[in-house]
Amino acid sequence: MTERKQRKQELKRQNERLEEFASVVSHDLRNPLNVAQGHLELARERGDETHFEKAGSALDRMGSLIADLLALARQGLVVSDTEPVELETVVRQAWANVETEESTLVVDTSAEIEADRG
């Protein structure tokens with residue numbers, strides 16, 4: 001009976017981890033998907049081909065995320081180790097992926113964060 005309870009608890013923990021993994025995957029893929037969809041819509045509306053390039057970049061990002069996530073799921077590997085990353089670099093990369101209209105970005109920090117660069 002004790003072994004059965006342990007197995008049940010183990011399955012419960014595994015299901016919780018899988019649920020968390022699915023949540024992370026959907027969140028991480030939703031952003032570049034929304035970016036690609038937005039740029040395709042803009043390209044259709046405005047006839048501006050630069051939006052196709054940005055949509056393509058977002059789709060490339062999704063491909064990279066999928067490959068990393070599959071490696072993690074299949075092998076249980078950490079995709080990459082953390083390293084010091086300049087916060088300004090991360091912010092500017094994120095800024096480049098969204099339509100900002102007339103807005104400007106000011107980054108007033110030289111801080112670094114410990115992160116997986118991808």
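- Residue-environment remark: CD (Glu20) stays at or below the threshold of 12 foreign heavy atoms within 6.0 Å.
- Interatomic distance, CD of Gln9 versus NZ of Lys5, reported as 8.5 Å (0.5 Å rounding).
- Every residue two or more places apart in sequence or in another chain that forms a salt bridge (charged side-chain N to carboxylate O under 4.0 Å, His left out) with Arg7 is listed here: Glu10.
- Residue pairs meeting the ring pair (Phe, Tyr, Trp, His ring centres under 6.0 Å) criterion with at least one partner in residues 89-113, sequence neighbours excluded, do not occur; the list is empty.
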Please list every donor-acceptor pair under 3.5 Å in which a side-chain atom of residues 106-113 meets a protein atom from a residue at least two apart or in another chain.
from   : atom 1 : to     : atom 2 : distance (Å)
Thr109 : OG1    : Ala111 : N      : 3.0

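- Gln93 is linked by a side chain to side chain donor-acceptor pair (under 3.5 Å) to nothing, counting only residues two or more places apart in sequence or in another chain.
- Contact annotation: the side chain of Arg17 never approaches that of Asn15 to less than 4.5 Å [non-hydrogen atoms, C-beta and beyond].
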Could you go through the side chain to side chain contact (heavy atoms under 4.5 Å, CB included) check for Val90 and Glu88 one step at a time? CA-CA 5 Å; Val90 174; Glu88 180 177 6; over 6 Å; no
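- When hydrophobic residues (I, L, V, M, F, W, Y) are linked wherever their side-chain heavy atoms come within less than 4.5 Å, Leu11 remains an isolated member.
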Acceptor/donor pairs from residues 24-38 side chains to any protein atom, 3.5 angstrom cut, sequence neighbours excluded:
from  : atom 1 : to    : atom 2 : distance (Å)
Ser26 : OG     : Ala22 : O      : 3.3
Ser26 : OG     : Ser23 : O      : 3.0
Asn34 : ND2    : Arg30 : O      : 3.3

Let me have the donor-acceptor pairs involving side chains of residues 40-58, under 3.5 Å, with sequence neighbours excluded, atom names and distances please.
from  : atom 1 : to    : atom 2 : distance (Å)
Asp48 : OD1    : Thr50 : N      : 3.0
Asp48 : OD1    : Thr50 : OG1    : 2.8
Asp48 : OD2    : Thr50 : OG1    : 3.2
His51 : ND1    : His39 : ND1    : 2.9
Ser57 : OG     : Glu53 : O      : 3.2

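- For Glu114, the side-chain contact (heavy atoms from CB on, under 4.5 Å) test picks out Thr82, Pro84, with sequence neighbours left out.
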